[in-house]
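Accompanying notes for the structure given below.
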Amino acid sequence: MSEFGKGCHLHLIDGSAFIFRAFHALPPLTRKSDGLPVGAVQGFCDMLRRYVGRDHGEFAPTHIAVIFDKGSHTFRNDLYAEYKANRDEMPEDLRPQIPLTRRATEAFNIACKEVEGYEADDIIATLARQAREAGGRVTIVSSDKDLMQLVGDGVEMFDAMKNRRIDRDGVMEKFGVTPDKVVDVQALAGDSTDNVPGAPGIGIKTAALLLNEYDTLEALLDRAEEIKQKKRRETLIEYRAQIELSKSLVKLDENTPLDFTLADLELRDPDPETLLGFLAEMEFRTLSKRIAETLGTDAPTIPEQAPDTADTIDDAPVEQPPFDPDSYVCIRDLETLGTWIGKARERGWVAIDTETTGLNEMTAELVGVSLCIEAGQAAYLPLAHRAEGDGDLFGPGDILPNQVDREAALSLLRDLLEDPAVMKIGQNMKYDAKILARTGIAIAPIDDTMLMSYAMNGGEHGHGMDVLSERYLGHQPIPIKEVIGSGKSQKTFDRVPIADATRYAAEDADITLRLWQLFKPQLHRVRVTRVYETMERPMVPVLAAMEMHGVKVDRDTLSRMSAAFSQKMAGLEAEIHALAGETFNVGSPKQLGEILFDKMGLEGGKKGKTGAYATGADILEDLATEHELPARVLDWRQISKLKSTYTDALQEHINPATGRVHTSYSIAGASTGRLASTDPNLQNIPVRTEEGRRIREAFVPENGRVLVSLDYSQIELRILAHVAGIDALKQAFRDGQDIHAMTASEMFNVPMDEMTPEVRRQAKAINFGVIYGISGFGLARNLRIPRADAQGFIDRYFERFPGIKAYMDDTVAFAKAHNRVETLFGRVIHTPEINAKGPRAGFARRAAINAPIQGTAADIIRRAMVRMPGAIAPLGTRAAMLLQVHDELLFEVEADAADDLVARATEVMEGAADPVVALDVPLVVEAGQGPNWAAAH
DNA sequence: GACATCACG
DNA sequence: GACGTACGTGATGTCC
């Protein structure tokens, strides 16, 4: 054993962080033979394997240890009983896995250290100090901000999740101070996750500001009297003891008693027998194989469990072969393609992925297609790869030889992809369906792993392939950046060498198939099969058709408006500069803030986390009553927005081939079930102001046609009336009354015929507030009234409609108990933050109240959209659905068929809840038509 | 790439 | 009683 000294590099892994990440990143997995939960152990082992196996370059370890916490009571609890008191109980499934992670570490022959009564952080601090004093370097493997105080003098951190080293600059970035001041910042700002109190009202930004001015916490507290801001000064004086206590809680103990030395942590090779023995005991087949391969030995055989116990491990993923990019087949001739197609027919399913030259399905060209028949068996069919660079027989840009003839291949593929007996499985199939549609292939039937995940895990995490693969397969796919590069040197996929393309593309199909095999049986267990089959999957062809159809936008109208806006902006800019007495960038909130508040000395000072002045519209509006400049800036901002985001940008989006604008809807983007529109976003075209609304005049039908707009009237309030069971509201909707006026009448005891617009406006704000999970603060801000008044309104509202309060409380209670809420149609919306502590709790609470209402409305319009093609089929190509804007559908229809369309579409929309949900309130649709979108409203 | 701002339902 | 607040999105320009 050699001494630790100069030239040595100690790596300290934060064991708890590894365990928790492994636990939360992987689906519950149990040991097949006895049902012992081992998912976190498996993840932990895989993370260890990857960490020791990675190329650390100049940071390679000579010594390494995994450090664990031991015992729940530490010296910090003696200082402050509430320390970490708000931590949730350890999940039931995780508890038995903790000792196994210790054994795993030992099996890897890595030092595994803990000290009774001390947190891992203190041991890490002590070891880091010792290593530093011995002249060595230290890497702390963790992203925990509590450890950042240790950075410096050869000590750095490494965030294994983001694959990023954290040095002095990284700490500066996080805390705004050098590492030696981190403890002081934390003492002031406190930490809600550890229940460190800190100073109320002071966050990291403020703390950093103060410490950079006063240098040390002690100096700051001693000279607190000097601070200008009243509130801050009083807080620092009043809470001095609490701040000092916080400091002693966050300061790590660098003198933890240790019964081992740095030399004991020397890097050692694992003993294959011990390590593989442990893995076999845990029954990790894939991991055993992988590690055996690295160690150059054979993996031990792990017996399969008896078939009669299969149902007890229902949640365990099907055992799969490891990913092997070298095993993927590149299809170079029609015969081989025929063989793969034959295999897909035999199975009845195939996973498919298309590779193209870009992300825009309307302009991207098909480059190749990958297929996967079963886990590990995938192939890539290159169709249009081109030579890159030079030094080849074939010049840059030439189609490479030895690729299957495109037309012949597509003809073979068409038979498969249109075969009703073969399920085509994809990840985000709308993309592939559109690409294939442009080659004349109408792919069907389909399954979509992205949408399966969305139905099961909405709100829990994203549903992109990378996330799903890492989370559910424990496999990190080849990043697209590695294949096509990034930034300036990025190339299109057709310039990727075919061998590289094969590894990447076939892997995507492989992953998709594995995800499908995992997800398919889970759908019914989470009871979202109907959601998936009626509201997610059928959206794919409907949206694909709408997006490909596009909407005609008149370039001349937009370009004339842009020119007019330019002129107007130039005029306003000159006025603003004159008023300011100097020229500055009106588009820079920073510069504007300095002009308004520093130079002109207006009231309404600082705000915001970055220390910049807030200059949002609400603030400028307040100033505008007294001053010219902010009023002109508001005008300028409005025009600037309209020009840059709409009249300029929309022209860029007109497709040269179709002359129309083609948006793309994300089906699985919004947590509530809403769609989102991108590239361009056609769900936020201006309408609220007269000037903005004119942009809608550029959205026009083809000659002889009209645009028809149908929108649900007050759909969210109707849903609220139903779910909360408010008889008065339900009756008002049945009677077709003005719902806001009726609310006002109930609340303020004003007869309906004496209603003033002002009182109605307030009631309307309250109605919307309720949908958003009302708070006194929010309503006060919206109505610009004192907070106490707003709270009074809310109290009275709840008094008059007690069912609303009950609904809100019940919804939150349900969310807290189940970590999810549901729409009337069974859509699941996870609320992972609902049991969080601190300010996040408020957000989560309001989101949980809103989600079933917004989500039910989203479900209803989805149902209408799915039925719409069938309902308007008799009109043939005379009518087409173009856009969805949450509660509105826009159609383009031949003028003499418009009334027919309105009748059919209205019927579908108003009946969209049937027959699954019988609403106590009618759904009412309002229709309009005209020669442009503005006129159709 | 983060932040502020603002467009929509 | 304090915390920091309306819910859900996407695009743009500034600034680091």
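Within every chain, numbering begins at 1; the chains are lettered A, B, ... in the order of the sequence lines, protein sequences first and strands thereafter. Bear in mind the structure is a predicted one, so any value in this text is a computation, not a measurement.
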Give [X] one of three labels, base, sugar-phosphate or nothing, depending on what nucleic acid heavy atoms sit under 4.0 Å from its own.
X         : answer
Gly769(A) : base
Phe843(A) : sugar-phosphate
Ser677(A) : sugar-phosphate
Gly201(A) : sugar-phosphate
Ile774(A) : base
Ile685(A) : sugar-phosphate
Ala780(A) : nothing
Ala617(A) : sugar-phosphate
Arg787(A) : base
Gly773(A) : nothing

OP1 or OP2 of [N] versus the side-chain N and O atoms of [X]: is any pair under 4.0 Å?
X         : N       : answer
Arg846(A) : dC7(C)  : yes
Thr615(A) : dT5(B)  : yes
Arg688(A) : dG9(B)  : yes
Ser588(A) : dC15(C) : yes
Asn684(A) : dC6(B)  : no
Arg781(A) : dT5(C)  : no
Gln591(A) : dC15(C) : yes
Arg637(A) : dC6(B)  : yes

Could you tell me if [Y] and [X] have a donor-acceptor pair between their side chains, going purely by distance under 3.5 Å?
X         : Y         : result
Asn195(A) : Tyr80(A)  : no
Asp679(A) : His653(A) : no
Thr615(A) : Arg637(A) : yes

Taking [atom1] from [X] and [atom2] from [N], how many angstroms apart are they, rounded to a whole number?
X         : N       : atom1 : atom2 : answer
His653(A) : dG10(C) : NE2   : P     : 14 Å
Asp648(A) : dG13(C) : CG    : P     : 8 Å
His886(A) : dC7(C)  : NE2   : P     : 16 Å
Gln854(A) : dA6(C)  : CD    : P     : 16 Å
Leu720(A) : dC7(C)  : CG    : P     : 16 Å
Ile794(A) : dA6(C)  : CD1   : C1'   : 9 Å
Ile667(A) : dT9(C)  : CD1   : P     : 16 Å
Gln242(A) : dG1(C)  : CD    : C1'   : 14 Å

Per [X] side chain, nearest of listed nucleotides [options]:
X         : options                  : value
Asn681(A) : dG10(C), dT5(B), dG8(C)  : dG10(C)
Thr645(A) : dT9(C), dA4(B), dT12(C)  : dT12(C)
Lys641(A) : dG9(B), dT9(C), dT5(B)   : dT5(B)
Tyr772(A) : dC3(C), dC7(C), dT9(C)   : dC7(C)
Asp887(A) : dG9(B), dG10(C), dC6(B)  : dG9(B)
Arg674(A) : dC7(C), dG9(B), dG4(C)   : dG9(B)
Ser644(A) : dG8(C), dA6(C), dG13(C)  : dG13(C)
Ala649(A) : dA11(C), dT12(C), dT5(C) : dT12(C)

Before accepting this row, confirm whether a basic side-chain N of the pair Asp618(A)/Arg784(A) lies closer than 4.0 Å to the acidic partner's carboxylate O.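 A salt bridge is absent here (no side-chain N lies under 4.0 Å from a carboxylate O).
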Looking at the base of dC15(C), is there any donor atom on it, or on the side chain of Lys590(A), that sits under 3.5 Å from an acceptor on the other one?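 Answer no: no donor N or O sits under 3.5 Å from an acceptor.
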Audit row: Glu573(A), Arg632(A), salt bridge (charged side-chain N to carboxylate O under 4.0 Å, His left out) steps and yes/no: CA-CA 8 Å; Glu573(A) 207 168 311; Arg632(A) 295 287 84 82; over 6 Å; no
Any strand: nucleotide that pairs with dA2(B) via Watson-Crick or wobble, under 3.5 Å: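 Its partner is dT14(C) (Watson-Crick or G-U wobble, both distances under 3.5 Å).
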With both distances kept under 3.5 Å, what pairs with dA2(C), Watson-Crick or G-U wobble? none
So, do Tyr797(A) and Phe801(A) have ring centers that fall under 6.0 Å from each other? yes
P-based separation of dG4(C) from dC6(B) [nearest Å]: 24 Å
Distance between the P atoms of dT5(C) and dC3(B), in whole angstroms?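 Between the two P atoms, the distance is 14 Å.
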Quick check against the 3.5 Å criterion: does Thr823(A) have a side-chain atom that pairs as donor or acceptor with the backbone of Phe825(A)?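 Pair found, side chain donor or acceptor close to backbone of Phe825(A).
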For the residue pair Arg846(A) and Phe843(A), would you count it as a cation-pi contact if the rule is NZ or CZ under 6.0 angstrom from the ring centre and within 45 degrees of the ring axis? yes
Mapping Leu675(A) and Pro200(A) onto DNA chain C by nearest heavy atom, which one lands closer to the 5' end? Pro200(A)
